[in-house]
Amino acid sequence: MIDRSRQIALFDRYDQPAVNIAAVADCPDFVTPAKDAGIPPFARVLHAVGRASLDVPHMRLRLLEGRVSEVKNLTLSYTVIGRDQNLNFSTIPFVADFRDFLKNYLADREIARNAVELRLTPLTNRDYIFATCLPWLRFTSIQHPMARFGDCSIPNVAIGKFGFAQGRVDFPVAVQAHHGLIDGLHIAQFIARLEEVLAEAVNDPTR
């Protein structure tokens with residue numbers, strides 16, 4: 001496992017150990033073929049977030065009771081507009097097969113949209129990515145609330161409004177993570193991998 005003991009020791013002394021970076025992802029237009037196939041574009045992005053985070057070793061690292069662990073399986077928890085335009089949550093396991101992922105995504109999204117109570121999942125482990133989509137905003141920065149554990153070792157990923165030009169799509173993407181585990185380099189690697197995964201979906205949006 002990657003040794004981050006020196007970095008963790010440094011940033012554990014900080015009141016706020018999170019690093020936040022926002023950038024613009026740029027890739028071939030995966031949105032149009034997804035919509036043509038009846039696939040919500042955010043479902044494609046969320047699946048790509050899962051793949052990219054598992055493909056970047058530092059994005060797999062978490063802290064639990066002061067000990068570093070490495071994510072093997074991943075759960076994606078993302079925000080949904082529920083009743084009365086209020087926030088709610090959908091939580092689904094990441095699976096590599098996009099068709100299976102999409103089936104779970106669509107089913108749980110509807111449950112979240114119609115739920116009366118907040119759908120809070122007990123966090124008994126750290127095998128999560130928290131995600132949010134703000135399709136109305138081309139944001140340039142974002143600050144997430146800290147998770148209840150207080151160590152912010154579960155990464156938060158935010159996706160903003162799509163822009164289209166000359167057969168390409170770009171959108172803001174922001175990553176918040178524990179700086180003891182993840183540096184700017186690794187966030188850049190994650191965004192680059194996210195772009196690659198989304199580019200793969202252009203010719204076959206169901207893959």
| Test item: I92 and F101 side chains (from C-beta on) under 4.5 Å apart, heavy atoms | yes
For residues 30-37, dump all side-chain donor-acceptor pairs below 3.5 Å to protein atoms at least two apart in sequence or in another chain.
unit_1 : atom_1 : unit_2 : atom_2 : d
T32    : OG1    : D29    : OD2    : 2.6

| task | Report the C-alpha separation of F190 and V49 in whole Å, then their side-chain angles, then the decisive distance to 0.1 Å, and conclude whether the side chain to side chain contact (heavy atoms under 4.5 Å, CB included) test is met. | result | CA-CA 8 Å; F190 165 77; V49 165; 4.1 Å; yes
| field | Rounded distance (nearest 0.5 Å) linking atom CZ of F89 with atom CG of L118 | value | 6.0 Å
| query | Do L54 and F94 have side chains that get closer than 4.5 Å, going by heavy atoms? | reply | yes
| query | Rounded to the nearest 0.5 Å, what separation is found between the CD1 atom of I142 and the CG atom of N156? | reply | 8.5 Å
| After noting the C-alpha distance and the side-chain angles of L46 and Y105, does the key distance pass the side chain to side chain contact (heavy atoms under 4.5 Å, CB included) rule? | CA-CA 9 Å; L46 188 65; Y105 171 93; 4.0 Å; yes
| message | Checking S90 against R119: is there a side-chain donor and acceptor pair closer than 3.5 Å? | response | no
| task | Verify whether the ring centers belonging to F171 and F139 lie closer than 6.0 Å. | result | no
Can you list, pair by pair, the side-chain donor-acceptor contacts under 3.5 Å of residues 129-136, counting residues two or more places apart and other chains?
unit_1 : atom_1 : unit_2 : atom_2 : d
T132   : OG1    : T79    : OG1    : 2.7

| With F11 via ring pair (Phe, Tyr, Trp, His ring centres under 6.0 Å) - residues at least two apart | Y14, H179
| Do V95 and R99 come within less than 4.5 Å of each other through their side chains, counting heavy atoms only? | no
| remark: Rounded to the nearest 0.5 Å, the CD1 atom of I21 sits from the NE2 atom of H186 at a distance of 10.5 Å
| Check: T91 main-chain N/O paired with D108 side-chain donor or acceptor under 3.5 Å | yes
| request: Keeping the roles fixed (side chain from R83, backbone from N114), state whether a donor-acceptor pair exists under 3.5 Å. | output: yes
| request: Let me see the working for M1 and R60 under side chain to side chain contact (heavy atoms under 4.5 Å, CB included), right down to the final yes or no. | output: CA-CA 10 Å; M1 186 185 296; R60 288 175 172 259; over 6 Å; no
| query | If every non-hydrogen atom of F98 is compared with every non-hydrogen atom of P205, which pair is closest and at what distance? | reply | CE2-O, 3.6 Å
| Same apolar cluster (I L V M F W Y, side chains within < 4.5 Å links), L76/I111 | no
| Sequence neighbours excluded, which residues qualify as salt bridge (charged side-chain N to carboxylate O under 4.0 Å, His left out) partners of R67? | E65
| D97 atom CG: more than 12 heavy-atom contacts under 6.0 Å | yes
| To the nearest 0.5 Å, what is the distance between CG (L137) and CD1 (I159)? | 13.0 Å
| remark: Of all heavy-atom pairs linking A52 and L194, the shortest is CB-N, 3.8 Å
| said: Can you confirm whether more than 12 heavy atoms, excluding those of N203, are under 6.0 Å from its CG atom? | reply: no
| said: Looking at N88 and E117, would you say the former's side chain and the latter's main chain have a donor-acceptor pair under 3.5 Å? | reply: yes
| query | Can you name the closest pair of heavy atoms from R4 and L181 and give their distance? | reply | NE-O, 3.4 Å
| task | Would you confirm whether Q189, through its side chain, and V56, through its main-chain N or O, come within 3.5 Å as a donor-acceptor pair? | result | no
| Nearest 0.5 Å, what's the NE2-SG distance between H144 and C152? | 11.5 Å
| message | For D170, is there an ion pair with R138 - N to carboxylate O distance below 4.0 angstrom? | response | yes
| Smallest separation among heavy atoms of R62 and S153, with atom names | CD-O, 3.1 Å
| said: Taking side-chain hydrogen bond (donor to acceptor under 3.5 Å, both in side chains) as the cut-off, I'd like each qualifying pair that reaches into residues 42-57, sequence neighbours left out, listed once. | reply: R51-E200, D55-R193
| For V175 and I187, what are the C-alpha separation, side-chain angles and deciding distance, and is it a side chain to side chain contact (heavy atoms under 4.5 Å, CB included)? | CA-CA 7 Å; V175 179; I187 292 175; 3.9 Å; yes
| Any side-chain heavy-atom pair of D127 and K72 under 4.5 Å | no
| task | Verify, without hydrogens or angle tests, whether Q7 (side chain) and A9 (backbone) share a donor-acceptor contact under 3.5 angstrom. | result | no
| query | How far apart are the closest heavy atoms of L198 and V45, and which atoms are they? | reply | CD2-CA, 4.0 Å
| query | So which pairs with a foot in residues 158-168 pass side-chain hydrogen bond (donor to acceptor under 3.5 Å, both in side chains), sequence neighbours left out? | reply | D26-R168
| said: Measuring only between side-chain heavy atoms, which start at C-beta, is I2 closer than 4.5 Å to P57? | reply: yes
| D183 side chain to L185 main-chain N or O, any donor-acceptor pair under 3.5 Å? | no
| field | Side-chain touch I81/R113, heavy atoms, less than 4.5 angstrom | value | no
| field | Under 3.5 Å donor-acceptor, R6 side chain and D3 backbone | value | no
| query | Between atom CG of L61 and atom CG of L63, what is the distance when rounded to the nearest 0.5 Å? | reply | 8.5 Å
| note | When every non-hydrogen atom of V157 is compared with those of V173, the smallest separation belongs to CG1-CG2, 4.1 Å
| said: Between L106 and P40, is there a side-chain heavy-atom distance shorter than 4.5 Å? | reply: yes
